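One structure below.
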Amino acid sequence: MALPRIEPIIPIRRREPFDDPGWLFDVKYDGFRAVCYVEQGRARLGSRNGNDLPRFALFGAEIASVLEVEEAVLDGEVIVADATGRPQFYDLLRGRLAPAYVAFDLLWTMGLTCVQSR
């Protein structure tokens, strides 16, 4: 089965903060937004525009090794964090620190859509 092409929701900048029980919020970690496609136990990372991120191919293999599914699509962000746990965008750009993948949503797995379309 081919994995579905999923376009992540693009964040919307608001002038003022708000609180609403109908909304969930994700922290912006100052990294690269990436959709993780796990297929036959192998993972690849793609940009929100659908372009592969070959720079993170080995990292994708690490992600696949810790997931216990054959097929999945996750939405998240590739980051690097310093010794205090704070995201460091310039170190991510320069490849100075080991990357981490912060998954926001499990969008699809093993043939099941996990989110509702709007």
Side-chain angles (χ1 to χ4, degrees):
M1 169 179 254
L3 294 179
R5 168 108 165 83
I6 296 176
E7 294 181 29
I9 296 171
I10 304 301
I12 299 171
R13 183 178 297 266
R14 302 281 182 181
R15 290 181 188 242
E16 300 292 327
F18 72 97
D19 191 15
D20 186 307
W23 287 82
L24 295 176
F25 299 90
D26 292 317
V27 173
K28 171 66 174 131
Y29 289 96
D30 207 16
F32 297 138
R33 182 82 176 267
V35 177
C36 181
Y37 294 93
V38 180
E39 198 167 15
Q40 296 177 350
R42 295 186 203 151
R44 67 180 170 81
L45 297 170
S47 72
R48 66 179 179 208
N49 298 324
N51 300 318
D52 280 344
L53 299 172
R55 172 180 173 187
F56 298 110
L58 291 176
F59 182 49
E62 290 178 40
I63 293 170
S65 72
V66 299
L67 296 175
E68 295 182 6
V69 296
E70 285 293 310
E71 296 178 335
V73 180
L74 297 97
D75 184 16
E77 195 168 347
V78 177
I79 68 160
V80 297
D82 65 17
T84 67
R86 296 170 80 188
Q88 299 296 325
F89 183 70
Y90 291 108
D91 287 335
L92 175 63
L93 287 177
R94 294 180 182 108
R96 289 187 180 161
L97 299 171
Y101 186 69
V102 179
F104 303 140
D105 295 306
L106 174 61
L107 303 175
W108 186 91
T109 186
M110 306 299 286
L112 301 172
T113 301
C114 301
V115 296
Q116 295 178 345
S117 59
R118 296 177 191 227

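As the structure is a prediction and not an experimental result, all values here were calculated from the model.
Taking the side chain to side chain contact (heavy atoms under 4.5 Å, CB included) definition, one finds that Arg86 meets it with Asp82, Thr84, Gln88, sequence neighbours left out.
The minimum heavy-atom distance between Ala98 and Val80, with the atom names listed, is O-CG1, 3.5 Å. Annotation for Ala72 and Val69: closest pair CB-CG2, 3.8 Å, computed over non-hydrogen atoms. Listed here is the closest heavy atom pair of Ala43 and Ala64: N-CB, 3.5 Å. Here the closest heavy-atom approach between residue Ala81 and residue Leu97 is recorded as O-CD1, 3.5 Å.
Put simply, the side chain of Tyr29 never gets that close to the backbone of Pro87: no donor and acceptor are under 3.5 Å apart.
With rounding to the nearest 0.5 Å, the separation of CG in Leu74 from CG in Leu67 is 6.0 Å. In this structure, CZ on Arg42 lies 12.5 Å from CD on Glu71, to the nearest 0.5 angstrom. Annotation: the span from Phe56 atom CZ to Cys36 atom SG amounts to 12.5 Å, rounded to 0.5 Å.
Screening residues 66-100 for ring pair (Phe, Tyr, Trp, His ring centres under 6.0 Å), with sequence neighbours left out, gives Phe32-Phe89. Applying the side-chain hydrogen bond (donor to acceptor under 3.5 Å, both in side chains) test to every pair with at least one member in residues 49-62, sequence neighbours left out, gives these pairs: Arg44-Asp52.
Counting only heavy atoms from C-beta outward, the side chains of Ile79 and Leu92 never approach each other to under 4.5 Å.
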